[in-house]
Amino acid sequence: MAPTLYDKKPEPGDLIEIFRGNYQHWALYVGDGFVVHLAPPSEGPGARANSMMSVLSDKAKVKKEEIWDVVGHDQWCVNNQLDEKYQVRPIHEILREAQAYVDQEMPYCVFRGNCEHFVTDLRYGKAESRQVRQAVETVGMAESRQVRQAVETVGMAAMVGFGVLAVAGIAAAIFGGGSKKKNEEK
């Protein structure tokens with residue numbers, strides 16, 4: 001089960017990870033029970049399958065909403081995991097920039113400019129999406145596995161083919177040589 005608000009109270013500038021089934025929605029806590037987040041038209045609490053339509057969206061709006069309106073009944077947690085990788089920008093700068101984006105329409109791309117990219121850029125000055133990276137790595141591992149299986153299959157076929165040729169060569173040497181002698185004797 002994912003952690004919830006009661007496990008750790010968010011502080012201004014914290015990243016909020018919301019678990020929506022097959023993906024996570026991300027928001028930035030700005031204080032007083034509010035978050036700022038990049039929301040494609042299909043994003044909302046309990047969106048689940050509908051939010052998968054965000055893949056087709058090329059625009060999203062930056063919204064400031066109460067955390068419970070964004071989270072709904074979904075599990076969520078404070079997740080500043082990239083603090084170990086990047087330096088956190090000064091909180092007043094994060095909050096000022098987040099407020100400046102509210103109500104703006106922005107380009108949206110699930111692979112290069114999603115809600116996670118948006119909030120990590122606010123907090124660290126680096127737009128990064130671990131869930132996109134993990135998805136790419138998973139696809140890469142699957143492709144590597146498929147390539148490895150194909151190579152193994154081709155290798156096995158080559159070994160079988162070589163074996164068949166070797167047996168045919170031996171058979172030809174044994175039986176073919178005898179036939180030639182028989183033909184010469186006649």
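One-based numbering along the sequence shown.
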Closest heavy-atom pair, Leu15 versus Asn80, reported as atoms and distance to 0.1 Å, is N-OD1, 2.9 Å
Has Asp32 got a side-chain atom pairing as donor or acceptor with Phe34's backbone, closer than 3.5 angstrom?
no
Could you tell me how the ring of His25 sits relative to the ring of His37: parallel (under 30°), tilted (30 to 60°) or perpendicular (over 60°)?
perpendicular
Smallest heavy-atom separation, Ala60 atom then Leu38 atom, equals CB-CD1, 3.5 Å
Between the side chain of Ser129 and the main-chain N/O of Glu116, is any donor-acceptor distance below 3.5 Å?
no
Indicate the atoms forming the closest heavy-atom contact of Val132 with Asn114, along with that distance.
CG2-ND2, 3.4 Å
With side chain to side chain contact (heavy atoms under 4.5 Å, CB included) as the criterion, how do Phe19 and Gln75 come out once you've worked through the C-alpha distance, each side chain's angles and the decisive distance to 0.1 Å?
CA-CA 6 Å; Phe19 300 90; Gln75 295 289 314; 4.2 Å; yes
Distance from Met106 atom CE to Asp58 atom CG, nearest 0.5 Å?
13.0 Å
Pairing donors with acceptors under 3.5 angstrom, does anything connect the side chains of Glu128 and His117?
no
Indicate yes or no for a side-chain donor-acceptor contact from Gln131 to the backbone of Gln24 under 3.5 Å, with no hydrogens or angles considered.
yes
To the nearest 0.5 Å, atom CD1 of Ile91 lies from atom CZ of Arg96 at 12.5 Å
Decide yes or no on side chain to side chain contact (heavy atoms under 4.5 Å, CB included) for Tyr29 and Ile16, but give the supporting numbers first.
CA-CA 7 Å; Tyr29 188 74; Ile16 306 298; 4.1 Å; yes
Hey, is the main chain of Phe118 close enough, under 3.5 Å, to the side chain of Asp121 for a donor-acceptor pair?
no
Output the distance between atom CG (Leu28) and atom NZ (Lys64), rounded to the nearest 0.5 Å.
11.0 Å
Salt bridge or not between Asp103 and Lys63? Use side-chain N to carboxylate O under 4.0 Å.
no
Test your reading of the model: is there a side-chain donor-acceptor pair from Asp14 to the backbone of Val78, 3.5 Å cut-off?
no
Ala27 versus Val35, closest heavy-atom pair with distance:
CB-CB, 3.8 Å
I want to check something: taking the side chain as every heavy atom from C-beta on, are Trp26 and Asn79 in contact at a cut-off of under 4.5 Å?
yes
Would you name the heavy atoms of Pro12 and Gly31 that are closest together and state the gap between them?
CG-CA, 4.2 Å
From Cys77 SG over to Ile18 CD1, what is the distance, rounded to the nearest 0.5 angstrom?
9.5 Å
Using every non-hydrogen atom in the two residues, find where Arg89 and Tyr124 come nearest and quote the distance to one decimal.
CD-C, 3.6 Å
Separation between CG of Leu82 and NZ of Lys126, rounded to the nearest 0.5 Å
11.5 Å
Can you check side chain to side chain contact (heavy atoms under 4.5 Å, CB included) on Glu65 and Val36, steps first, answer last?
CA-CA 7 Å; Glu65 299 180 288; Val36 169; over 6 Å; no
Could you walk me through whether Ile94 and Val88 pass the side chain to side chain contact (heavy atoms under 4.5 Å, CB included) test, one step at a time?
CA-CA 9 Å; Ile94 296 170; Val88 179; 4.0 Å; yes
